[in-house]
There are 2 protein chains.
Amino acid sequence: MRIGDLAARTGVSVRSLRYYEEQGLLDSSRSPGGHRHYDEEGVDRVAYLQRLYAAGLSSQTILSLLPCLESPSAATSDSAFDRLVEERDKLVTHIAGLTRTLESLDELITLNRKRRAASVADPDSGEPGRTTQG
Amino acid sequence: MRIGDLAARTGVSVRSLRYYEEQGLLDSSRSPGGHRHYDEEGVDRVAYLQRLYAAGLSSQTILSLLPCLESPSAATSDSAFDRLVEERDKLVTHIAGLTRTLESLDELITLNRKRRAASVADPDSGEPGRTTQG
DNA sequence: GTTGAATCTCACATGGATGTGAGGTTCTAG
DNA sequence: CTAGAACCTCACATCCATGTGAGATTCAAC
C-alpha cells in the first residue's frame, strides 16, 4: 500500500503521514526507489494517532506514550506508564469541561427556541432579556 | 477592576484579555488615561469565553454566536442561531470521539497494570504481546 | 521505451492564540 | 511630587500540525 492509498483510506493528508513518520509515530518500509509502503495495520495505526491528536495530545506526548500502546508489558518504563495515566486523567477533566459547555449550549438553544416561538405568536416583542452566561 | 485584576481572577493572561477585546468578544470601559476597566460581569464573561475556546471554537465562530449568547431573543438572526445549533452538534460528536478515546486509554491502562503485576510475580517475562489499537 | 501520475526531499508559508519586548504613559502609594 | 508598578500600543516571535511549491526521481501502464 502506497502513501497515497493510505491517505485516501484514512482521510489524512499525505503530508501528515510523512510528518507522523518524521515524529517517529508511524513507520514504513521503503521500495528500492525510496517510496514508502504500508501494510493494513497502518490504517488502524493512523486512525488511532488521529484520535490521540483529537484528544489534544501533541506528537511529543504521543511518542512518549508509544511504548505503552505498542507493547503493554512490564518492560515498559514507569515514566511512560505514568504519563499514560496522566493523559487519561487530563482527558477525563477535559471531557467534563466540554460536557458542561454542552449543557450550557443546550440551555441557550432551548431559551432561544422559546423566544423565537413566542415571537411568532406575538410579533414585535424584541430583546426581552440578557444572558451573559449559560 | 483593572486588566491585571481580571487576569488574576480568571487565570487568563493580560495579553489574551486584550486579544479578546480586539476580536470583539469582550469590552471594557476606559479611564481618562486609556486604561481598561471591567465590572464583575467580566469575570463570568471571560470564564465563558475560555470554555468556548476549550470546546474548540475559534474567535470568529464565537463572535458569530455572540448575539444568541447575549440576547437570546427573536431578534437574533437565524444564521446566528443556526450556527449555535451546528456548534452544539459538532461538540456532541467531538465529546463522543473523546469518550471513545478515553475508553481505549482505560483499556490500555488496565492491560499495562496487569502485565506489570504479572511481572512482579514472575520476573523476566518480557514483551509478551503487541497491541496497536485500543 | 516512453509518458504521466505518484512519490521523494527540502523548505518556506499558514493560522490562531498567546508570548515577549520596546518605548512611552498613567496610576497610586508614600 | 516622585518612584515604580501597572498599563498602553505596536509589532514581531513562537508553537505545531498542516499546506504548498519547486525540482528531481520512481513507478505503472501502454
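Quick note on labels: first sequence line is chain A, next is B, and so on, each numbered from 1.
Within the 3.5 Å criterion, the main-chain N or O of B/M1 finds no donor-acceptor partner in the side chain of B/D5. At distances below 3.5 Å, not a single donor-acceptor pair connects side-chain atoms of B/R83 with backbone N or O atoms of B/I62. Side-chain atoms of B/T110 come within 3.5 Å of backbone atoms of B/D106 as a donor-acceptor pair (strictly under, hydrogens ignored). Side-chain atoms of B/S16 do not come within 3.5 Å of backbone N or O of B/V12 as any donor-acceptor pair.
Under a 4.0 Å N-O distance rule, the pair B/E70/B/R45 qualifies as a salt bridge.
Side-chain contact between A/H35 and A/R2 is present, with heavy atoms from C-beta onward closer than 4.5 Å.
If you look at B/Y20 and B/Y53, their ring centroids are closer than 6.0 Å.
Atom-to-atom, CG of A/L57 to C1' of D/dC15 comes out at 16 Å; the value is rounded to the nearest Å. Distance, B/Q50 CD to C/dG16 C1': 14 Å, rounded to whole Å. Atom pair A/D5:CG and D/dA28:C1' shows a separation of 12 Å (rounding to whole Å applied). Between A/L49 atom CG and D/dC16 atom P the separation is 17 Å, expressed in whole Å. Nucleotide D/dC16 holds its C1' atom 15 Å from the CG atom of A/L63, rounded to whole Å. Spacing between atom CD1 of B/I3 and atom C1' of C/dT26 amounts to 14 Å, rounded to whole angstrom units.
In this structure, B/R36 reaches the D/dC8 phosphate: one of its side-chain N or O atoms is under 4.0 Å from OP1 or OP2. Contact annotation: A/S59 reaches the phosphate of D/dA17 (side-chain N/O to OP1 or OP2, under 4.0 Å).
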Could you go through nucleotides 28-30 of chain C and list every protein N or O atom that sits under 3.5 Å from one of its N or O atoms, giving the distance for each pair?
none

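Between the OG1 atom of B/T101 and the CD atom of A/Q50 there is a distance of 11.0 Å, given to the nearest 0.5 Å.
For residues 14-35 of chain A, proximity to DNA chain D is found at A/R15, A/S16, A/Y19, A/Y20, A/S31, A/G33, A/H35, defined as any non-hydrogen atom under 4.0 angstrom from a strand atom.
Within a 6.0 Å sphere centred on CD of B/E21, heavy atoms belonging to other residues, nucleotides or ligands number more than 12.
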